[in-house]
Amino acid sequence: MDKTITCDIAIIGGGAGGLSVAAGASQMGAKVILVEDDKMGGDCLNYGCVPSKALLAAAKTAEMIRHAKHFGIKTSAPEIDFPQVMQHVQGAINTIAEHDSVERFEKLGVQVIQARGEFEDTTTLRAGNTLIKARRFVIATGSSPATPPIPGLEQVSFLTNETIFSLTQKPEHLIVIGGGPIGCELAQAFLMLGVKVTILEGFKILPRDEQDLVAILREQFLQQGLNLLEGIKVLSVKQNGHAIEVVIEKEGVQQSICGSHLLVAAGRKPNLNGLNLENANIRYTAKGIQVDAHLRTTNAHVYAIGDAAGSFQFTHIAGYHAGILLRNILFRLPAKVNYRAVPWVTYTLPELAHIGLSSEEALKQDPKAKIFTWDFVENDRAQTEHETLGKIKLITNHKGKILGVSILGPQAGELLAPWIMAIQSEKTVRALTDVIIPYPTLSEINKRVAGEFYTPMLFSKRTQWLVKLLSWLG
């Protein structure tokens with residue numbers, strides 16, 4: 001028999017966004033119900049950010065050992081205990097999972113219902129045999145790996161980011177379909193763990209990033225032994241004995257590639273199936289739920305956040321959405337999303353990070369936009385640690401207002417932080433040139449590239465004339 005309960009906020013989805021809303025709203029005094037029929041923590045904890053970074057940490061350690069000779073340290077080739085590596089990955093998940101557990105959220109005052117959520121009508125959500133009436137509903141169901149329409153794909157046992165971290169035996173040859181951030185990160189991680197890896201990409205890898213920086217990373221992949229095939233079309237996939245055979249076409253020529261494992265990393269789709277959004281008068285497309293600047297759907301009582309809302313598919317965006325939502329729902333403040341300063345990082349070796357406009361976007365908007373670069377090879381700390389591959393790229397307008405920054409290099413994600421704040425606050429490069437940076441640090445590269453804006457003025461003939469004039473005056 002169905003039972004009906006009421007609350008202030010009912011949240012569908014226990015991933016990063018849903019948990020942030022639940023924790024914040026409950027601790028601020030709202031009555032909160034969280035509906036989740038799968039693992040708490042969502043994709044980021046269980047299949048995405050956490051396990052991939054744990055795997056990359058192990059892979060980068062192996063790579064560091066291979067290059068220890070640069071520091072005068074003699075070592076043998078690293079011996080990869082793959083089952084132990086995967087135990088490390090699972091250990092990271094298990095440790096963080098306690099923070100996202102049902103028990104923790106119940107202690108925070110959240111009522112957790114472990115069942116599938118689906119709308120009965122515009123004001124009612126069903127979770128098993130429970131009907132939920134809420135003042136506001138929040139859809140935070142995240143996204144899942146998309147499966148491209150490749151003939152034969154459904155007939156083979158392929159991996160996605162949801163299954164690859166369950167491997168217990170090291171693959172002999174991993175074929176990766178997709179050269180986006182997920183594909184590149186996992187491909188390089190397995191490569192550095194001693195696996196033969198092939199990436200198949202229909203266009204170019206990492207198309208959203210600065211292509212001159214991507215070119216440097218591409219060369220790094222090739223030097224490490226990655227088999228990279230770009231500009232190809234995947235024609236079919238089939239099982240060939242114990243191997244998986246992928247038939248591709250490149251420049252009109254067909255060829256077959258056989259591997260022991262196949263990873264599909266060809267994009268993601270929002271998790272909307274089974275929500276019965278039509279019952280709640282909520283409009284959506286294949287890209288996500290239609291929301292306004294306040295994250296409200298076409299049903300005024302329902303909001304959508306994170307991947308379900310069809311914007312940037314990053315965990316930090318789901319967390320940002322949660323803050324916007326709490327201000328709207330709990331405090332009735334007209335908070336709106338602002339995507340001017342959305343950062344992203346691809347955690348390869350070296351890392352590739354970006355914030356703001358690309359150089360191409362900036363030049364389209366303002367032909368007078370200026371571009372400055374500084375190489376890590378010129379950074380003293382990078383030299384001491386033998387991590388000199390990469391550079392920083394700064395884009396400004398003609399007055400020095402910061403429009404965008406891309407960094408390829410060690411700790412690029414960490415180095416991006418001051419640029420995020422500067423772009424969010426619409427600062428000029430002076431915000432970076434006027435600060436004192438400790439020496440020697442990688443952070444000096446931020447100040448160096450910012451200083452490049454003033455170099456033509458500081459060392460111009462006009463400045464030289466002024467200095468001479470002042471010296472004549474005593």
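Side-chain atoms of Pro171 and Phe82, non-hydrogen and from C-beta on, do get closer than 4.5 Å to each other. Between Glu351 and Pro410 there is no side-chain heavy-atom pair separated by less than 4.5 Å. In this structure, the side chains of Tyr347 and Leu352 stay at 4.5 Å or more apart for every pair of heavy atoms. When side chains are defined from C-beta on, Tyr320 does not count as touching Ile305, because their heavy atoms never get closer than 4.5 Å.
Contact between Leu125 and Gly117 at its shortest, heavy atoms only, is CD1-C, 4.0 Å.
Classification of Lys31 and Asp8 as a salt-bridged pair fails, no side-chain N sitting under 4.0 Å from a carboxylate O. Looking at Arg66 and Glu63, a side-chain N of the basic residue comes within less than 4.0 Å of a carboxylate O on the acidic one, giving a salt bridge. A salt bridge is defined here as a Lys NZ or Arg NE, NH1 or NH2 lying under 4.0 Å from an Asp or Glu carboxylate O, and Glu230 with Arg218 meets this definition. A salt bridge does not link Asp307 to Lys269: none of the charged side-chain nitrogens sits closer than 4.0 Å to a carboxylate oxygen. The pair Glu120-Arg126 counts as a salt bridge, with a side-chain nitrogen and a carboxylate oxygen less than 4.0 angstrom apart. Comment: Asp212 engages Lys393 in a salt bridge, judged by a side-chain N to carboxylate O separation of less than 4.0 angstrom.
Of the N and O atoms on the side chains of Glu210 and Ser359, at least one donor lies less than 3.5 Å from an acceptor on the other residue. Judged by distance alone, the side chains of Thr198 and His173 do bring a donor and an acceptor atom under 3.5 Å apart. Side chains of Lys133 and Thr124: a donor-acceptor N/O pair is present below 3.5 angstrom, by distance only. No donor-acceptor contact under 3.5 angstrom links the side chains of Asn271 and Ser143, judged on distance only. Using modelled atom types, one finds a donor on one side chain and an acceptor on the other under 3.5 Å when comparing Gln188 with Gln224. With no hydrogens or angles considered, no side-chain donor-acceptor pair links Gln239 and Glu245 at under 3.5 Å. Judged purely by distance below 3.5 Å, without hydrogens or angles, the side chains of His354 and Ser406 pair a donor atom with an acceptor atom.
Between Asn299 and the choices Asn279, Thr123, Thr122, the side-chain contact (heavy atoms from CB on, under 4.5 Å) rule is met once, by Thr122. If you run side-chain contact (heavy atoms from CB on, under 4.5 Å) between Val35 and each of Ile132, Thr130, Ile11, Thr141, only Ile132 comes through. Each of Leu226, Leu228, Ile175 was evaluated against Val197; a single residue qualifies, Leu226, per the side-chain contact (heavy atoms from CB on, under 4.5 Å) test.
Aromatic ring centroids of Phe312 and Tyr339 lie under 6.0 Å apart.
Residues in residues 88-134 take part in these ring-ring contact (aromatic ring centres under 6.0 Å, His included) pairs, two or more places apart or across chains: Phe119-Phe137.
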- Could you go step by step and tell me if Glu103 and Lys107 meet the salt bridge (Lys or Arg N to Asp or Glu O under 4.0 Å) rule? CA-CA 6 Å; Glu103 293 75 17; Lys107 287 180 181 178; over 6 Å; no

